[in-house]
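Each chain gets a letter, A, B and so on, in the order its sequence line appears, and its residues count up from 1.
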Number of protein chains: 2
Amino acid sequence: MSHHAAIYRGEKKFSIDEVEINAPGPGEVQVEVAYCGICGTDLHIYLGHMDGRVGFERTIGHEMSGVIAAIGEGVAGLQPGQHIVVRPLDHCGACPACSAGHEHICHNLKFIGIDSDGAFQQYWNVPAHTIHILPEELNLAHAALIEPLAVAVHDVDRGQVRKGEDVLVIGGGPIGMLVAMVARQAGANVTVSEINENRLAFAQKIGFATLNPKDIDVAAEIHKVTNGKGADVVFEVSGSQPGVDLMTAAASTRGRIVMVAIHATKPQIDMFQFFWRELDLIGARVYRPEDYDKAMKLLAEGVIDCDAFITDIQHLSEIQTAFETLTQNPNAMKSMIRISEKY
Amino acid sequence: MSHHAAIYRGEKKFSIDEVEINAPGPGEVQVEVAYCGICGTDLHIYLGHMDGRVGFERTIGHEMSGVIAAIGEGVAGLQPGQHIVVRPLDHCGACPACSAGHEHICHNLKFIGIDSDGAFQQYWNVPAHTIHILPEELNLAHAALIEPLAVAVHDVDRGQVRKGEDVLVIGGGPIGMLVAMVARQAGANVTVSEINENRLAFAQKIGFATLNPKDIDVAAEIHKVTNGKGADVVFEVSGSQPGVDLMTAAASTRGRIVMVAIHATKPQIDMFQFFWRELDLIGARVYRPEDYDKAMKLLAEGVIDCDAFITDIQHLSEIQTAFETLTQNPNAMKSMIRISEKY
């Protein structure tokens, strides 16, 4: 039996190869992939930023949904036909982080879909411990949002957002918008700071207050509308120097700042404000199993307007075009690849 | 009745003036000051770094002990003759920080001894709410260490240091060493990173493991001795770029970094590590009333070797020499001014 897999070949190119389907190994589950979204990290890979880590024979993709096709030796409690999502983290179980119960940030963490093959292929073998079973009735295209939504759930959990708190999200891309939606669900008053007019329009359309730093002093405005208090929780999702300048300026005394963005260079940070106002900067990376459970619950409850969030759905054979379009169109929220015609 | 007060006159000069003693106003307590230590902030004032805030008619000093001399109108529960220390913070009670219960970092906080007159004078009127009553048997020279010790107690509390944890203190000056002692008392394994040989010798003398970044890669050594884990809690007390570089490099996954130092410029910070290892940066400033209570308790229990910590004691009339000597001798831990010959 053979199937189709998209393989990253370097220099912004994918090949769609027809390859043999391997049977699931011991402890593995074979998943027939239904949908797989394109993550910002996938774009980085496509643009060649991660060639050293990824190589040129990798099937990428990790924001997926699918159906169990087969079960490997020694796997209990799962069966073919179940609708599932994969939490694409494989931890070592032996390092100091794993020993302390922080498996999701294991020192030797393998991210499935980056460090090993991912979901832009029809049949995908994954460790059984990565599987979360979906409710049957959940739309599988929507379910492919669970991975990025779990990121947002983890971020909001790290920030300990409470009902009635004032929250500022710096950066209104896909993760920023999901963070905003989860924080709103937690009862917070959420404002989104963003410079892209299309993203601002999207944020407004789904009901958020927005501020454009090109037009207004965002920190001053936040302090003004909160009667001098500032934002109780700030999410830095921009990965920019203006973003980190704003995060310290807009936070309240004892405010929590959640570092969601990946800063490739070392920005200058106003450390004095951390001392003076006893700020708290909290790093947040990927998700824990319970974040997946919560994301599934929020999705099922309709907290996310999935149809608005999914900008377009294209077929696996069109993956090259999908990536090309996305890099030329920073206005898209989520581009989704339909891997199987069945779902 | 007149008394002597040291007054900062600018350009590294104090005058010792004979001035009228004012009676305590309503809600005030008159304290006969016994001892007052010289804080790093006092040195900054002496060196002219804070002239705009302090002016040239200010009696500074806030690391004090004393005895109640008189009671103003409306003050209950206090009486002359009681040994006391003053927690030199005057908050507004109305700002968002005060409303949230964070009076110690009030938006309009007045620091007594900087923003109003301090303890380098014989008789000192202070708001009654700033008073903490000492046990009679506590040595008053030792009790003048309670203010900086309360800073350290607050820092260790913010870092939530637990028994058995590995702690790195970056910077072995007076506050760094007090943080080290309080963290050790909490059951932590404490290492001090410092470049000054005399301070290293002091730290070793009182039983701490030390590392000199001039001789060794401190982060690598910390990871080595903790079997790859890193420091559970890092206190950044150096206020330097190498200090903030070390704090992120030495911390464990999910490590807590307490920002004790005052960074006058914006250092470059390895934000990626906050994301990647879910680090937590926690600002810590001054103290809360309970930190004073704990500092008094630790001092009474002999946790601090006060006689080793107090480098020298000089009379109020020698304050000019004391400041001159201290700026020329960065090896001193705590220089103390004896304000009253009685104690």
Side-chain angles (χ1 to χ4, degrees), chain A residues 94-102 104-109 154-155 158 166 223 226-230 232 236 239 241 243-245 247-248 251-286, chain B residues 94-102 104-109 154-155 158 166 223 226-230 232 236 239 241 243-245 247-248 251-286:
Chain A
C95 73
C98 285
S99 303
H102 310 313
H104 70 295
I105 42 175
C106 164
H107 290 189
N108 310 304
L109 189 71
H154 187 67
D155 296 338
R158 291 284 287 162
D166 295 300
H223 284 283
T226 59
N227 298 315
K229 174 175 64 62
D232 300 293
E236 197 324 70
Q241 181 67 48
V244 296
D245 290 341
M247 75 182 187
T248 46
S252 70
T253 297
R254 284 267 178 124
R256 288 101 70 200
I257 300 169
V258 183
M259 183 48 60
V260 177
I262 299 176
H263 283 266
T265 57
K266 295 181 184 178
Q268 287 193 293
I269 304 291
D270 192 348
M271 276 295 135
F272 179 78
Q273 294 301 327
F274 280 88
F275 159 80
W276 192 251
R277 294 189 287 139
E278 294 198 337
L279 303 180
D280 192 354
L281 177 72
I282 304 155
R285 178 174 163 216
V286 294
Chain B
C95 73
C98 285
S99 302
H102 310 312
H104 69 295
I105 43 175
C106 163
H107 290 188
N108 308 304
L109 190 71
H154 186 67
D155 295 338
R158 290 284 288 162
D166 295 300
H223 285 283
T226 58
N227 298 315
K229 176 176 62 66
D232 301 291
E236 194 333 64
Q241 182 66 50
V244 296
D245 291 340
M247 74 182 189
T248 46
S252 70
T253 297
R254 284 266 177 128
R256 287 101 71 199
I257 301 169
V258 183
M259 183 49 60
V260 177
I262 299 175
H263 283 266
T265 57
K266 294 181 184 177
Q268 285 193 294
I269 303 292
D270 192 348
M271 275 296 134
F272 179 77
Q273 293 302 325
F274 279 89
F275 160 78
W276 193 250
R277 294 189 286 139
E278 295 199 336
L279 303 181
D280 192 355
L281 177 72
I282 304 155
R285 177 174 164 216
V286 294

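- There is no contact between B/His223 and chain A, counting heavy-atom distances below 4.5 Å.
- Side-chain contact check for B/Glu278 versus A/Val286: every heavy-atom pair is 4.5 Å or farther apart.
- In this structure, chain B has no heavy atom under 4.5 Å from any part of A/Arg256.
- In terms of heavy-atom pairs under 4.5 Å with chain A, the best-connected choice from B/Met259, B/His263, B/Met271, B/Arg254 is B/Arg254.
- Under the 4.5 Å side-chain criterion, counting only non-hydrogen atoms from C-beta, B/Val244 is not in contact with B/Gln268.
- For a residue to count as touching a neighbouring chain, one of its non-hydrogen atoms must lie under 4.5 Å from one of that chain's; by this rule B/Ala261 touches chain A with the backbone only.
- Counting heavy atoms from C-beta outward, A/Asp270 and A/Asp245 have side chains that stay 4.5 Å or more apart.
- The CD1 atom of A/Ile257 sits 12.0 Å away from the CG atom of A/Asp232 when rounded to the nearest 0.5 Å.
- Most heavy-atom pairs under 4.5 Å with chain B: of the set A/Glu236, A/Gln273, A/Lys229, this distinction falls to A/Lys229.
- Here the NE2 atom belonging to A/His107 is positioned 8.5 Å from the SG atom belonging to A/Cys98, to the nearest 0.5 angstrom.
- Taking the six-membered ring where tryptophan is involved, the planes of B/Phe275 and B/Phe272 are tilted, since the angle between them lies from 30° to 60°.
- Comparing A/His102, A/Arg277, A/Arg158, A/Arg285 by heavy-atom pairs within less than 4.5 Å of chain B, the highest count is held by A/Arg285.
- Heavy-atom distances place the backbone of A/Leu279, and not its side chain, under 4.5 Å from chain B.
- Annotation: maximal heavy-atom pairing with chain B below 4.5 Å, among A/Ile262, A/Val258, A/Ile105, A/Leu109, occurs at A/Ile105.
- With a 4.5 angstrom heavy-atom cutoff, A/Val260 touches chain B only via backbone atoms.
- Taking 4.5 Å as the limit, every side-chain heavy atom of B/Lys266 sits out of range of all side-chain heavy atoms of A/Ile269.
- Between chain B and the options A/Pro267, A/Ala97, A/Pro96, the largest number of non-hydrogen pairs under 4.5 Å is found for A/Pro267.
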